[in-house]
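Here's the structure we're looking at; comments come further down.
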Amino acid sequence: VYLCHAFAIVRPPLSVGSIIARTLTSPGTTIRYHRKNPHINLRGGGSSSLQASPGDYSEAARTLFGNFITPATLLLTALVSLSLQEIKVPQYGKNSYRKKLRGLYYVIGLLSTCSELICVLYASIASNTLLQTTSKPAASVYSLIQREYELAWIATMTHFIGGLLGFMTCCGLGAFLSFPPGYNTAGACFAAAALLWMLRLANTRAVMLRNPHLSNCFCLVKRYIVLTTKQLKTFSNLSVLGISSIALTGISMGLLIRALVSLDEE
């Protein structure tokens with residue numbers, strides 16, 4: 001009897017981890033994973049399921065939108081100085097296409113600057129809305145964004161990636177136009193390599209937010225156009241401003257194409 005009492009006193013108590021470990025390693029226990037809805041089924045003396053319950057993911061969504069504001073602002077600062085920089089065309093060879101590339105450099109710099117500004121605006125509005133309102137419970141932060149903030153997320157991603165790619169395009173054009181012969185081609189190739197690598201990284205599943213409509217950047221732009229068109233069909237005052245902005249964008253693109261096709265030199 002004394003030995004039994006001594007053993008009971010010396011023996012350490014079982015922890016929760018040891019109980020779970022013994023349960024999982026018992027002969028009657030099976031572990032099953034599902035690809036779309038992962039959970040653990042414990043089959044021994046009983047059965048239970050561990051699943052993520054719906055909750056409030058407003059703060060997580062706000063953090064995701066806020067992650068774009070600072071990088072886009074820094075990129076915007078670089079784009080302003082880059083797009084306003086004067087590119088002098090070297091006086092060798094035929095300069096007609098170089099002058100057109102210089103004009104294209106200025107236009108891409110301006111478009112990238114506007115794109116990053118719109119990105120900051122979309123992300124700021126979505127972040128403030130998440131802070132001021134209460135969202136319904138969702139299964140995950142992805143579900144919350146797809147349900148209530150899909151347009152804001154896709155617009156933020158589209159304009160941020162577009163501005164970033166435009167920035168690298170300006171770097172490549174600036175190197176090709178301003179560097180000495182030989183170095184200009186090498187610099188432009190370096191910028192093109194970085195541009196392609198960024199485009200590859202932008203096509204990851206994490207960027208697309210596991211949305212079934214999105215598989216690459218082209219689908220991202222397509223989805224952005226579809227959602228924006230649906231929003232503009234209300235014909236309110238805001239829609240009039242949006243339609244006017246799209247019309248001016250189309251006119252600007254037409255004038256740009258006309259300037260590029262024209263053979264007139266400065």
Side-chain angles (χ1 to χ4, degrees), residues 15-17 19-21 23-24 31-43 46-76 115-164 201-217 219-234 236-239 242:
S15 62
V16 177
I19 293 174
I20 295 176
T23 305
L24 294 177
I31 304 175
R32 184 176 61 187
Y33 296 95
H34 194 271
R35 184 177 180 182
K36 294 183 179 179
N37 188 16
H39 59 275
I40 301 177
N41 287 340
L42 305 179
R43 293 182 180 177
S47 63
S48 63
S49 178
L50 302 178
Q51 298 180 355
S53 59
D56 186 10
Y57 292 93
S58 300
E59 188 62 29
R62 185 169 176 265
T63 301
L64 285 177
F65 280 106
N67 289 339
F68 289 96
I69 296 178
T70 301
T73 304
L74 295 175
L75 187 59
L76 183 62
S115 183
E116 293 300 329
L117 279 173
I118 296 175
C119 169
V120 172
L121 188 59
Y122 263 112
S124 300
I125 292 175
S127 181
N128 292 335
T129 303
L130 285 164
L131 182 63
Q132 297 171 4
T133 60
T134 302
S135 302
K136 296 180 180 180
S140 64
V141 63
Y142 303 107
S143 302
L144 174 62
I145 292 179
Q146 289 182 7
R147 185 185 65 196
E148 301 182 17
Y149 299 93
E150 183 181 9
L151 175 58
W153 176 261
I154 290 179
T156 301
M157 289 301 307
T158 301
H159 287 290
F160 180 78
I161 295 174
L164 186 62
L201 294 177
N203 286 325
T204 58
R205 191 180 180 186
V207 171
M208 301 307 166
L209 203 63
R210 303 174 185 175
N211 194 318
H213 299 285
L214 308 177
S215 58
N216 51 52
C217 290
C219 294
L220 187 72
V221 176
K222 180 181 177 181
R223 185 64 178 170
Y224 179 38
I225 295 174
V226 170
L227 294 176
T228 304
T229 304
K230 289 182 180 180
Q231 191 183 55
L232 293 177
K233 286 183 178 180
T234 57
S236 61
N237 293 331
L238 296 178
S239 297

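- Annotation: side chain of Met157 is not in contact with side chain of Tyr224 (no heavy-atom distance under 4.5 Å).
- With no hydrogens or angles considered, no side-chain donor-acceptor pair links Ser124 and Ser127 at under 3.5 Å.
- Across all non-hydrogen atoms, the minimal contact from Ile225 to Thr229 is O-OG1, 2.7 Å.
- Every residue was checked against the ring pair (Phe, Tyr, Trp, His ring centres under 6.0 Å) condition with Tyr149, not counting sequence neighbours, and none meets it.
- To the nearest 0.5 Å, atoms CD1 (Ile161) and CD (Glu116) are separated by 10.0 Å.
- Nearest approach of Cys119 to Phe160, heavy atoms of both residues: SG-CB, 3.6 Å.
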Let me have the donor-acceptor pairs involving side chains of residues 65-76, under 3.5 Å, with sequence neighbours excluded, atom names and distances please.
{"from": "Asn67", "atom 1": "ND2", "to": "Thr63", "atom 2": "O", "distance (Å)": "3.3"}
{"from": "Thr73", "atom 1": "OG1", "to": "Ile69", "atom 2": "O", "distance (Å)": "2.6"}

Return a table of donor-acceptor pairs under 3.5 angstrom between the side chains of residues 130-137 and protein atoms on other chains or two or more places apart.
{"from": "Thr133", "atom 1": "OG1", "to": "Thr129", "atom 2": "O", "distance (Å)": "2.6"}
{"from": "Ser135", "atom 1": "OG", "to": "Ser58", "atom 2": "OG", "distance (Å)": "3.4"}

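- What you find for Gly162 and Ser115 is that their closest heavy atoms are C-OG, 4.3 Å.
- Of the residues Leu151, Ile154, Thr158, the one that meets the side-chain contact (heavy atoms from CB on, under 4.5 Å) test with Thr228 is Leu151.
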